[in-house]
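Every chain is numbered from 1, with letters handed out A, B, ... down the list of sequences. Atoms considered below: every heavy atom in the structure, side chains included; atoms not considered: hydrogens, waters and symmetry mates.
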Amino acid sequence: MEKVLKKKALGAFLKKLASFGQVYGPVKTDTVRFEPVSHEKQLCLDEHAWFPVKEFLFPQKQVFFRFDGEKIITEDNVKKAVLFGLRKCDLNAFLINDKLFLEGEHKDLFYEQRRNNLLLVGLYCYHELDEFCFCSSMNLQDYHDIMLYDRGSYYQVKAGTPKGEFFIAHLKDTEAFVPPPTTCSLALPTQEIAHLFEHQAWKEGADSCTSCGHCTNLCPTCLCFTISDDVALDGKGERVAEWDSCQYKEFTEVAGGHVFREKRVDRFKHRIYHKIQYFRERFDMSMCTGCGRCIRGCPEKIHWIHLIGKMTQ
Amino acid sequence: MKKIKKLEGEGNHYSVPKLYAINSIKKQTEDEYLLRFDVPLEHEPAQFIQVSLLGHGEAPISICSFQDEYFEMSIRAVGNLTRKLCALKKGDKVGLRGPYGKGYPMESLKGNNVLVIGGGCGVAPMRSAIQYLERHRSDFGDVALYFGYRNPKEVLFAEDFNKWKKTFRVHVTVDKAPKSWKGEVGLITELLQKDSFDNTNKVAFVCGPPVMIKFVIALLKERGFNDDQIFLSHERMMKCATGMCGHCMIEGVYTCKDGPVFRYDGVKDLHG
């Protein structure tokens, strides 16, 4: 059953959600980012959050375990949280990240704990939020605990899970609503780019690229990481995982100094191929959700969608 | 004897190693040391283990033995961690988790003649397959081993050669050597050229530096080898060993879980 949430009741709804855990939502500071929210007036619901919410699944730096001499200690101190105002692109990122961290031969239990302790509340986009959005060409799925559709004076609300159902049960019932599909003026011409691997145009993108790693940092599904040991002077330490980037030359360096993706163009292509070709071949879904952050945040304004457009013309 | 399926620490997170005492550590060459753990571990030839020292990090090391009661790893002291590992003594503890990845599919290759071609420390994972072949000698045909090293000082597993010569054909060459060296001098491809082998009922195992692999494959192809008769063991940077961290990806393939041993037809067109 779908529900009605009057806009003036949004504050009360946030309070109800807070009974699950701390509510985070898009807040405009220097840019729009997910911050703790206690009042609806803090929310910025008409811009794209600059940073994705992947930190809630896999923090930029996390301790896998601590050690003291031969003693190894693992801790879990996962707190429950509500992510409010997620767009469809970011909701789909959860499905994608799950494939790598939960659904393979091995799984990451810390990821699983964080994942199970999140309540995902989405907000539907009818149109692009800015000129970098291209989700309407990425075959996104419906995925949420709760989804909100702006209907002018109220939000149409529906639950996607029993967990979400619990938080909207008290709202007034209404007729089901089929939203028109999201439209973006930017579109990825094709996800099938295997035949373009040797295309000259890749060089154009790579020539402007500085391998800074902004694109991978801002991507909601880039969760490549490195593992290293941090040790204090007293010998106590921790094994930590930190985000890494395939754009860095050291990413593929082995003992003895050989680097497998030494050329910048190879690293530049690897990210894009992983996002829309390699992952799809294995999991039958694209790893890119069309959020546009890698283009929006690129210091060199490298527009890889236009680049592929040029190659497929 | 009941074998252990997995070395893992407590706490359920895959990254946690279990500490094991080294049962013996032996200097092999100027830079390489052989570590033995008396742990009956179930594994395939050339699977690898994540070896770590708390405070110094972790590295993937291939298993270089195929025995019931123990396993061995040959470690080259080239980085901070491996230098520390090679300086350890019997009884010192190291963190182990694994084994990981896919090894040589020996069972499915029974009945074949086998060509084993290793360069430098690439001989280490090969030794695991060779010990398998020793134990299942009657299941395989002619077995020829070809090893290339940079110089006589770097010849790894020389102490095994005499034993292997009893049942296998063993050929060893070094790139450069002083006059005192009695054996072959030259690249491994030159050594292979001298042998008149063809591809009849044959599989080739290749492990070594990328440039060696490239020329060896070209030569195997010249001799009529099909892509599905060649097995490569790839080396890549690895961190998690579970297909999550992304470092070992070759296109969409994860060296840590899809490899490190690959049949050539599955990886020959991959970039990077």
Identify which of [options] forms the greatest number of heavy-atom pairs closer than 4.5 Å to chain B.
options                        : value
A:E105, A:E281, A:H106         : A:H106
A:I72, A:D266, A:V254          : A:V254
A:T74, A:I227, A:L109          : A:I227
A:A241, A:C224, A:G235, A:G237 : A:C224

Using heavy-atom distances under 4.5 Å, tell me whether [X] contacts chain A through its side chain, its backbone, both, or neither.
X      : answer
B:C240 : both
B:Y254 : both
B:D258 : side chain

Should the heavy atoms of other residues, nucleotides or ligands under 6.0 Å from [atom1] of [X] be counted, would the total exceed 12?
X      : atom1 : answer
A:K107 : NZ    : no
A:N116 : CG    : yes
B:K221 : NZ    : yes
A:Q200 : CD    : no
B:R150 : CZ    : no
B:K27  : NZ    : yes
B:F215 : CZ    : no
A:E242 : CD    : yes

Contacting region of [X] [heavy-atom separation from chain B under 4.5 Å]:
X      : value
A:F279 : neither
A:E198 : side chain
A:D244 : side chain
A:D108 : both
A:L100 : both
A:T226 : both

Working to the nearest 0.5 Å, report the span between [atom1] of [X] and [atom2] of [Y].
X      : Y      : atom1 : atom2 : result
B:T255 : A:F260 : OG1   : CZ    : 8.0 Å
A:D229 : B:N80  : CG    : CG    : 11.5 Å
A:W243 : B:C245 : CH2   : SG    : 16.0 Å
B:E251 : A:H274 : CD    : NE2   : 11.5 Å
A:Y278 : B:M249 : OH    : CE    : 7.5 Å
B:M244 : A:N97  : CE    : CG    : 12.0 Å

query: Which of residues 202-220 of chain A have a heavy atom under 4.5 Å from any heavy atom of chain B?
result: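 So no residue qualifies.
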Contacts of residues 52-71 of chain A with chain B (heavy atom under 4.5 Å):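 Near chain B, by residue number: A:F64, A:F65, A:F67, A:G69, A:E70.
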message: Let's test your reading of the structure: which of B:G9, B:A241, B:S52 forms the most heavy-atom pairs below 4.5 Å with chain A?
response: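 The option with the most such pairs is B:S52.
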message: Can you confirm whether A:Y273 sits close enough to B:H271 that some side-chain heavy atom of one is under 4.5 Å from a side-chain heavy atom of the other?
response: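 No, their side chains stay 4.5 Å or more apart.
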- prompt: So, do A:H258 and B:P209 sit near enough that their side-chain heavy atoms are less than 4.5 Å apart?
  reply: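 No, side chains not in contact.
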- prompt: Using a heavy-atom distance cut-off of less than 4.5 Å, which residues of residues 11-22 of chain B contact chain A?
  reply: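 Under the 4.5 Å heavy-atom cut-off, B:G11, B:N12, B:H13, B:Y14, B:S15, B:V16, B:P17, B:L19 qualify.
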- request: Tabulate, in ascending numerical order, the residues of residues 54-63 of chain B having at least one heavy atom closer than 4.5 Å to a heavy atom of chain A, or enter 'none'.
  value: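 B:L54, B:G55, B:H56, B:G57, B:E58, listed by number.
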message: A:F251 vs B:M237, test: side-chain contact (heavy atoms from CB on, under 4.5 Å). Steps then yes/no.
response: CA-CA 8 Å; A:F251 192 76; B:M237 152 89 116; over 6 Å; no
- prompt: Does B:H247 use its side chain to pair, donor to acceptor, with the backbone of A:C246 at less than 3.5 Å?
  reply: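 Side chain of B:H247 to backbone of A:C246: no pair is present.
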- prompt: If every non-hydrogen atom of B:E235 is compared with every non-hydrogen atom of A:A255, which pair is closest and at what distance?
  reply: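 For B:E235 versus A:A255, the nearest heavy atoms are OE2-O, 4.3 Å.
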